[in-house]
Engineer: 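First the structure, which I've put down as structure tokens, then a few questions once you've had a look.
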Number of protein chains: 2
Amino acid sequence: MLKLTKKVDYALLALNLMAKTEEGGISNVRDIAALYSIPPEILAKVMQKLSKSGLIQSHNAPKGGYSLKLPAEEISVLKVLVAVEGPVGIVSCSDGTDKSCQQRGQCDIRSPLEKLQNNILWFLEALSIRELGQEPAVLKGVTDGSSLFGQPLHHKG
Amino acid sequence: MLKLTKKVDYALLALNLMAKTEEGGISNVRDIAALYSIPPEILAKVMQKLSKSGLIQSHNAPKGGYSLKLPAEEISVLKVLVAVEGPVGIVSCSDGTDKSCQQRGQCDIRSPLEKLQNNILWFLEALSIRELGQEPAVLKGVTDGSSLFGQPLHHKG
DNA sequence: TTGATTACAGACTAAAATGGTCTGCGATAA
DNA sequence: TTATCGCAGACCATTTTAGTCTGTAATCAA
């Protein structure tokens, strides 16, 4: 629960690798899969989805493969996630999946949960695959939760 | 993916209801299940887990049921989540589930993902079931992502 | 022109997580 | 002593996730 799928993992690993290669560099599925011990067929599907979503560019030919279609700074983790797995929602009534929620009439916690979700989405959108491959220090503004709130509320850490 | 389970939904609905009843009030499974159209057997299991985790107190008798064992302000959504579903990790290598990650040797995105996860956990810990039942305005500090960061980074909303 | 190499496409199966059902036991207060 | 509540766990169905298999299409180089 609340877990990223392996396909998303694979996509992030691949994109992180591509972000580190020189501008316009081409990587192919076989090599990436071998490097990370990923089943090539799975990675192939994942890359095709990224391609269809316009995040990467395919080169269908010998010595071909994929290259980033956008600067690494403009490819957010959220975009990757949506490209690979579709719309994201921490509760099913918020991603268009659940058409007939049994609790809808009586549900009185939807609003805060949706706000919670918005935060998560915002984080995912703020984090690019460029930052993904950088050292922790660079990520401080995005991912160090300890400085995010004015008032500590009820958190005891 | 990245979705809360229905059991967690049910737990939050039940706890939110209990938080709104007067201090020390007792609610029983049958009534709560009926109110929210939840299968009673499922809710029963969920409540038992909450009880074992010390979040609520059981009263095993006629006219019995459950009452909050802690003030609603001190029961975080994260505690509920862990009580019902166990340890939380957005990637399996970070919750103790995955003992033999194939990518471990080559993985160079673990650190940022774990920081991302820490943020999510922090949010979940900062949000209590008391806030869960209050109007959106009260939640501004916790759940309005638009004011959380100093620098906007690459987010375009 | 042919063949090796790459991506594209989708059916299919296996495994795991999730959601839900069923049955019986134990505690307690009226 | 019995009806009402929680406790416990086996069991099954469904959905999601992960992975496999087969074949097609595009492109470049020999």
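Only heavy atoms go into these numbers, but all of them, side chains included; no hydrogens, no water, no symmetry mates. Per chain, numbering begins at 1; letters A, B, ... match sequence-line order.
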Engineer: Is a donor on one side and an acceptor on the other found under 3.5 Å between the side chain of Gln103(A) and the backbone of Ser37(B)?
Structural biologist: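 At least one qualifying donor-acceptor pair exists.
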Engineer: Donor-acceptor pairs are to be reported for all side-chain atoms of residues 47-56 of chain B against protein atoms at under 3.5 Å, with residues two or more places apart or in another chain.
Structural biologist:
residue: Lys49(B); atom: NZ; partner: Val84(B); partner atom: O; Å: 3.4
residue: Ser53(B); atom: OG; partner: Lys49(B); partner atom: O; Å: 3.1

Engineer: Find the distance between OG (Ser58(A)) and OH (Tyr66(A)) and round it off to the nearest 0.5 Å.
Structural biologist: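 Atom-to-atom, Ser58(A):OG and Tyr66(A):OH are 6.0 Å apart.
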Engineer: Please give, in whole Å, the distance from dA10(D) P to Ile42(B) CD1?
Structural biologist: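 Roughly 16 Å, once rounded to whole Å.
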Engineer: Send over the distance from Tyr66(B) OH to dA27(C) P, rounded to a whole Å.
Structural biologist: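 Atom-to-atom, Tyr66(B) to dA27(C), this comes out as 15 Å.
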Engineer: Would you mind telling me which of dA4(C), dG19(D), dT21(C) lies closest to the side-chain atoms of Pro39(A)?
Structural biologist: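 Out of dA4(C), dG19(D), dT21(C), the nucleotide with an atom closest to Pro39(A)'s side chain is dG19(D).
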Engineer: In residues 46-60 of chain A, which residues come under 4.0 Å of DNA chain C by heavy atom?
Structural biologist: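 The stretch gives Gln48(A), Lys52(A), Ser58(A), His59(A), Asn60(A) as the residues lying under 4.0 Å from the strand, ordered by number.
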Engineer: Please determine, for the side chain of Asn28(A), which listed nucleotide (dT20(D), dG20(C), dT6(C)) has the closest atom?
Structural biologist: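 For Asn28(A), the side-chain atoms sit closest to dT6(C).
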Engineer: When you check the phosphate oxygens OP1 and OP2 of dT6(C), does a side-chain N or O of Arg30(A) lie under 4.0 Å from one of them?
Structural biologist: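 For dT6(C), OP1 or OP2 has a side-chain N or O of Arg30(A) closer than 4.0 Å.
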Engineer: Just the rounded figure in Å: distance from C1' of dT18(C) to NZ of Lys45(B).
Structural biologist: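 So the two atoms are 13 Å apart, to the nearest Å.
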Engineer: If you look at every heavy atom in Asn28(A) and Gly64(A), which pair is closest and at what distance?
Structural biologist: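 In this case the closest contact between Asn28(A) and Gly64(A) is CB-O, 3.7 Å.
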Engineer: Consider side-chain hydrogen bond (donor to acceptor under 3.5 Å, both in side chains). Of Arg130(A), Glu131(A), Glu125(A), which one does Ser128(A) pass it with?
Structural biologist: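 That would be Glu131(A).
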Engineer: Round to a whole Å and report the spacing from CD of Glu41(B) to C1' of dC11(D).
Structural biologist: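 Taking CD of Glu41(B) and C1' of dC11(D), I get 13 Å after rounding.
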Engineer: So which of residues 1-10 of chain A are in contact with DNA chain D, with a heavy-atom cut-off of under 4.0 Å?
Structural biologist: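 Contacting residues: Thr5(A), Lys6(A), Lys7(A), Tyr10(A).
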Engineer: What is the distance, rounded to the nearest whole Å, between atom CD1 of Ile32(B) and atom P of dC5(D)?
Structural biologist: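 My rounded result for the distance is 12 Å.
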Engineer: Short question: side chain of Arg110(B), backbone of Cys93(B) - any donor-acceptor pair under 3.5 Å?
Structural biologist: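 Not a single qualifying donor-acceptor pair exists.
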Engineer: Mind calculating the distance between CE (Met18(A)) and P (dA7(C)) to the nearest angstrom?
Structural biologist: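 The answer, rounded to whole Å, is 10 Å.
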Engineer: When the distance from NZ of Lys63(A) to P of dT27(D) is rounded to whole Å, what number comes out?
Structural biologist: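 Rounded to the whole Å, the gap is 18 Å.
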Engineer: More 5' along DNA chain C: Ala61(B) or Glu85(B), using each one's nearest nucleotide?
Structural biologist: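 Nearest-nucleotide comparison on DNA chain C picks Glu85(B).
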Engineer: What heavy-atom pair brings Val80(B) and Ala11(B) nearest, and what distance separates the two atoms?
Structural biologist: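 Residues Val80(B) and Ala11(B), closest heavy atoms: CG1-CB, 3.7 Å.
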Engineer: Does Gln57(A) reach the main-chain N or O of Leu68(A) with its side chain, forming a donor-acceptor pair under 3.5 Å?
Structural biologist: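 Flag not set: sc Gln57(A) to bb Leu68(A) has no pair under 3.5 Å.
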Engineer: How long is the line joining CG of Leu43(A) and C1' of dT6(C), in whole Å?
Structural biologist: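 Value for this atom pair: 14 Å.
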Engineer: Only one of Asp9(A), Asn16(A), Leu17(A), Val77(A) forms a side-chain contact (heavy atoms from CB on, under 4.5 Å) with Ile109(B), so which one is it?
Structural biologist: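 The residue from Asp9(A), Asn16(A), Leu17(A), Val77(A) that satisfies side-chain contact (heavy atoms from CB on, under 4.5 Å) with Ile109(B) turns out to be Asn16(A).
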